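Down below is the structure, laid out as structure tokens.
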2 protein chains.
Amino acid sequence: MISKKTKYGLKALIHLARHYDEGPILIADLAREERIPKKFLEAILLSLKNNGILQSKKGKGGGYYLGRPPGKITLGQAIRVMDGPLAPVPCVSETAYAKCSECDNELTCGIRLVMKDVRDAIAGILDGTTLADVLEKVDSAEESEKVLNFYI
Amino acid sequence: MISKKTKYGLKALIHLARHYDEGPILIADLAREERIPKKFLEAILLSLKNNGILQSKKGKGGGYYLGRPPGKITLGQAIRVMDGPLAPVPCVSETAYAKCSECDNELTCGIRLVMKDVRDAIAGILDGTTLADVLEKVDSAEESEKVLNFYI
DNA sequence: CGGTACCCTACTATATTGGTAGGGTCTATA
DNA sequence: TATAGACCCTACCAATATAGTAGGGTACCG
């Protein structure tokens, strides 16, 4: 399960993507509109900035904005910053490999053999989905919802 | 990341699968051979038993054994018992659905739309892999390792 | 130069994880 | 039927992670 922190961060990123090219957005506005505790959101955005995903501007007219266009930011990048590696066991992580203490032969570990496939499946989706892709999915889902309501 | 508890449990299950049809196995033997803290393992095996995955026999000649043949126990079933739902967000779980508090329209939630695919990918693998499959993978990995060593 | 808005450190409460301790209960068998 | 073998059950504990809150510090725009 992904943490609340990660969900908040993703909601904020999606919001910033939707309002890309409208200039910096205030933490306070983001917090109010997405119903996220302001101080908590502040910390999340800061760490996204420190990891190159967001940029910020101080002072009047300041705020946060995406560091790259929505089509260049993947969910995988963002989630790794907030929730750590995608891999279910550290010994199959591509970005944060670590040996599993309880396993002596990595090549023949049954758990590892299966979890490698799981990691690849997860990473395949999350590294292949950008914020722009998410906006598109949401838009088309909203469209189908409207059509559905029309027939009801 | 899966918990240490789940890794211990899976190692125990794989061990029991490999020694299926050798009769009950002692917690103490399992703990020693797989290097798992005995008391901790005791609790894990008990919960696997209470969820129908294992069976046990008390008294002399007792121990734990699989509740079904290795080909009928999937990793998905076992992991759900020990680590909870496979889904990254509760609102896409098939076996333990729950509404996400921070989301008001499930049909058009961008996070949900993507996480649904992630859940399906994870569940596809783990519900499609049995203990027997794991044994097979391990055996063929050990075979390749031997061949490799031969040429070195 | 003043206010806006991000930046930084520290603190707290609660839940989860990874165990440990110490008996209780059932069961085979001698 | 006694007894030892082996699982069963309750309670506790320390360390870490999660989900925040508090209160200022610092940079920047106008």
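Keep in mind that the numbers below use all heavy atoms, side chains included, and drop hydrogens, waters and symmetry copies. Just so it is clear, the structure is predicted and the values come from calculations on it, not from any experiment.
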Those residues at least two apart in sequence (or on a different chain) that pass salt bridge (Lys or Arg N to Asp or Glu O under 4.0 Å) with Arg119(B) are none
Using OP1 and OP2 only, check whether a side-chain N or O of Tyr65(B) sits under 4.0 Å from dC7(D).
no
Salt bridge (Lys or Arg N to Asp or Glu O under 4.0 Å) filter on Lys137(A), not counting sequence neighbours, yields Asp117(B)
So ring pair (Phe, Tyr, Trp, His ring centres under 6.0 Å) across residues 92-148 of chain B, not counting sequence neighbours, yields none
Side chain to side chain donor-acceptor pair (under 3.5 Å) filter on Thr6(B), not counting sequence neighbours, yields Ser3(B), Asp83(B)
Tyr64(B) OH to dG5(D) C1', in whole Å, measures 15 Å
Review point. With a cut-off of 6.0 Å (strictly less than), are more than 12 heavy atoms of other residues, nucleotides or ligands near CD of Glu33(B)?
Key: yes
Nucleotides 23-30 of chain C: which of its N/O atoms have a protein N/O under 3.5 Å away?
| residue | atom | partner | partner atom | Å |
| --- | --- | --- | --- | --- |
| dC26(C) | O4' | Lys58(B) | NZ | 3.3 |

Hits for ring-ring contact (aromatic ring centres under 6.0 Å, His included) against Phe40(B), two or more places apart or cross-chain, chain-then-number order -> Tyr8(B)
Leu48(B) CG to dC7(D) P, in whole Å, measures 14 Å
Let me see the working for Leu30(A) and Ile36(A) under side chain to side chain contact (heavy atoms under 4.5 Å, CB included), right down to the final yes or no. CA-CA 8 Å; Leu30(A) 215 37; Ile36(A) 301 171; over 6 Å; no
**Asked** Do Lys7(B) side-chain atoms and Cys100(A) backbone N/O form a donor-acceptor pair below 3.5 Å?
**Response** no
Taken to the nearest whole Å, CD/Gln55(B) to C1'/dC7(D) is 14 Å
So do Ile111(B) and Ile14(A) actually touch side chain to side chain, heavy atoms under 4.5 Å?
yes
Residues of residues 22-32 of chain A with a heavy atom under 4.0 Å from any atom of DNA chain C, listed by number, are Ile25(A), Leu26(A), Ile27(A)
Residue pairs passing the side chain to side chain donor-acceptor pair (under 3.5 Å) test with at least one member in residues 123-133 of chain B, sequence neighbours excluded, are Arg80(B)-Asp127(B), Thr130(B)-Asp133(B)
Distance col, row Ile73(A):CD1 vs Arg68(A):CZ, nearest 0.5 angstrom, shows 5.0 Å
Picking from dG20(D), dG19(C), dC9(D), the nucleotide nearest the side-chain atoms of Pro37(B) would be dG19(C)
Per the under-4.0 Å heavy-atom filter, residues of residues 78-92 of chain B near DNA chain C come out as none
Atom CD1 of Ile44(A) and atom C1' of dC6(C) are separated, to the nearest Å, by 15 Å
Within residues 2-18 of chain B, those residues having any heavy atom closer than 4.0 Å to DNA chain C are Ser3(B), Lys4(B), Lys5(B), Tyr8(B)
Sequence neighbours excluded, the answer for side chain to side chain donor-acceptor pair (under 3.5 Å) partners of Asn51(A) is none
Rounded to whole Å, CZ of Phe40(B) lies from C1' of dC13(D) at a distance of 14 Å
Atom CD1 of Ile36(B) and atom P of dG18(C) are separated, to the nearest Å, by 13 Å
Residue pairs meeting ring pair (Phe, Tyr, Trp, His ring centres under 6.0 Å), one or both in residues 59-78 of chain A, sequence neighbours left out, come to none
Picking from dC7(C), dT20(C), dC8(D), the nucleotide nearest the side-chain atoms of Lys49(A) would be dC7(C)
Side-chain heavy-atom pair Asp104(B), Arg35(A) within 4.5 angstrom cut-off
yes
With the side chain defined as heavy atoms from C-beta on, Ser56(A) is closest, among dG19(C), dC6(C), dC7(D), to dC6(C)
